[in-house]
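Numbers here simply count residues along the sequence, with the first being 1.
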Amino acid sequence: MKTINIKLLTLVATFFVILLHTAALPFAHFHTGWSVAVMYETLGRIAFPLFLLIAGYISLNKNESLLSTLKTRVLDLVIPLIAWSAIYLVYSDLVHANKTPVSLLELFSTPAYPHMWFIYTMILLYLVTPLLNTFITYGSQQRVNYTLTVWFVLASVYVLLDNVKASLLENHTLPMPSNIDMVVYLSGFYILGGVVRRFNIAPKVTISAIIFVLAAVLTAVMAYSFSKSIYRPNDLFLFYSAPTMVVISLGCFFMLLNASFRYNRPVIKALRVLSRLSLGIFFVHAIVLEGLVALLDLDFTGYSSIITIPLVALACFVISAGIIFLLQRIPYVRRVT
């Protein structure tokens, strides 16, 4: 059951990435329906933590060699990253008229398109997976809990307070986190995924669902109120490792992981097929989403966006899935999807 639920979680996380990037457009400025954008932005922000929880659940707590990790995990991301970086460089040149020269050395640290930052984070985490495997497999629960507590205090609570101080009290513009910064901030989710499987942590679905909903509402209210108080949209409370975002992500993860869904064979087959498309959907969706928004001339500024944002995100998901499904039918091309 949990094997299929993991595939469902993968699809939910993939859709939430698209929802996040759809909601990011109206979230960037105040308007009549801005509260709707905040709500969907909050939901979408848990996409990357969910991916990390899933990856940790699958990858950690395994007796896997360094060579095996490099071949089966790192290369499976590096090869598509190289291919899609080339595609997005051409896309930026043709569509956005971006003539800024990009060196190969620069691409080692700077993604060709904004959403691909996450692939860099995943590659770095996979590189240290053999070390984390040893720690989780042979470490006592006390030591694991201590490590996660330190991560939460420093990468979640302290970072939030420090950013609030710098942004609100000192009026400083916060710098963009580096790839290494993001690994530190998000590594706790990856480790948590392995810990959940190692120690068979399974809170009740009802409790997880209640916590998920309450934490999501609280986070959206805090983000809305804080932004209104400083007269500009602000996502401090929506950062991926912010305390309430950690709670929302875990609530959603446990809610779907432990749910007792009754799948029939067609649904199981569909989940398996679609989950294999998730990486390709992640890469291609930015092109599809920008095309849809331009074609339909959408601005998402009214309360109707409570319907249009998820509908556009769903349309983008379906079209992206169709594109990747067809590309995977082509020999050699499937390696990058």
To the closest 0.5 Å, what do you measure between [atom1] ([X]) and [atom2] ([Y])?
X      : Y      : atom1 : atom2 : value
Asp235 : Phe226 : CG    : CZ    : 10.0 Å
Ser305 : Trp34  : OG    : CH2   : 12.5 Å
Phe253 : Ile46  : CZ    : CD1   : 11.5 Å
Leu43  : Thr219 : CG    : OG1   : 10.0 Å
Ile4   : Leu9   : CD1   : CG    : 12.0 Å
Leu53  : Leu250 : CG    : CG    : 5.5 Å

Next item on the list: Sort out for me which residue in Thr147, Leu131, Ile191 forms a side chain to side chain contact (heavy atoms under 4.5 Å, CB included) with Ile136.
Entry: Ile191

Checklist line | Identified side chain to side chain contact (heavy atoms under 4.5 Å, CB included) partner of Val183 from the options Leu125, Leu127, Ile123 | finding: Leu125

Next item on the list: Check whether NZ of the Lys or CZ of the Arg Lys2 lies under 6.0 Å from the centre of the six-membered ring of Tyr57 and within 45 degrees of that ring's axis.
Entry: no

Margin query: Ring of Phe325, cation from Arg329 - is the NZ or CZ under 6.0 Å from the centre and inside 45° of the axis?
Written below: yes

Quick check: does any side chain N or O of [X] sit under 3.5 Å from a backbone N or O of [Y], one acting as donor and the other as acceptor?
X      : Y      : result
Tyr40  : Ile306 : yes
Asn258 : Ala202 : no
Ser156 : Ser241 : yes
Ser225 : Met222 : no
Ser278 : Ser275 : yes
Asn264 : Val267 : yes

Next item on the list: Would you please test His115 and Phe282 for ring-ring contact (aromatic ring centres under 6.0 Å, His included) and show each step?
Entry: CA-CA 8 Å; His115 71 291; Phe282 175 86; 5.3 Å; yes

Is the number of heavy atoms from other residues, nucleotides or ligands under 6.0 Å of [X] [atom1] greater than 12?
X      : atom1 : answer
Ile307 : CD1   : no
Lys228 : NZ    : yes
Tyr158 : OH    : no
Arg143 : CZ    : no

Looking only at the aromatic ring of each residue, does the gap between the centers of [Y] and [X] stay below 6.0 angstrom?
X      : Y      : result
Phe239 : Tyr185 : yes
Tyr146 : Trp151 : no
Trp117 : Tyr240 : yes

Any donor-acceptor pair under 3.5 Å linking the side-chain atoms of [Y] with those of [X]?
X      : Y      : answer
His21  : His285 : yes
Asn234 : Tyr224 : no
Tyr190 : Thr129 : yes

With the side chain counted from C-beta on, respond yes when [X] and [Y] share a heavy-atom pair under 4.5 Å apart, and no when they do not.
X      : Y      : result
Lys7   : Arg276 : no
Ser227 : Arg232 : no
Ile207 : Pro203 : no
His29  : Thr301 : yes
Val196 : Leu257 : yes
Tyr91  : Glu290 : yes
Val336 : Phe283 : no
Phe212 : Val247 : no

Co-membership, hydrophobic cluster, residues [X] and [Y], 4.5 Å side-chain:
X      : Y      : answer
Leu256 : Leu214 : no
Val153 : Leu148 : no
Leu298 : Phe30  : yes
Ile211 : Phe237 : no
Val150 : Val184 : no

Atom of [X], atom of [Y] and distance for their closest heavy-atom approach:
X      : Y      : answer
Met122 : Leu52  : SD-CD2, 3.3 Å
Leu274 : Ala321 : CD2-CB, 4.4 Å
Ala259 : Asn5   : O-ND2, 3.0 Å
Ile18  : Phe317 : CD1-CA, 3.6 Å
Ala23  : Ala37  : CB-O, 4.0 Å
Leu77  : Tyr126 : CD1-CE1, 3.5 Å

Check: What's the verdict on side chain to side chain contact (heavy atoms under 4.5 Å, CB included) for Asp181 and Ser178, showing C-alpha distance, side-chain angles and the deciding distance?
Finding: CA-CA 5 Å; Asp181 290 333; Ser178 67; 3.1 Å; yes

Next item on the list: Show your reasoning for whether side chain to side chain contact (heavy atoms under 4.5 Å, CB included) applies to Ile248 and Met245.
Entry: CA-CA 5 Å; Ile248 300 172; Met245 293 304 298; 3.9 Å; yes

Note to self: Quick one, Ile324 with Gln328, criterion side chain to side chain contact (heavy atoms under 4.5 Å, CB included). Give me CA distance, side-chain angles, the key distance, then yes/no.
What the structure shows: CA-CA 6 Å; Ile324 299 303; Gln328 287 188 352; 3.8 Å; yes

Note to self: Let's go through Ile287 and Ile87 carefully: what are the C-alpha distance in whole Å and the side-chain angles of both, what is the deciding distance for side chain to side chain contact (heavy atoms under 4.5 Å, CB included) to 0.1 Å, and is it a yes or a no?
What the structure shows: CA-CA 10 Å; Ile287 295 174; Ile87 291 170; 4.3 Å; yes

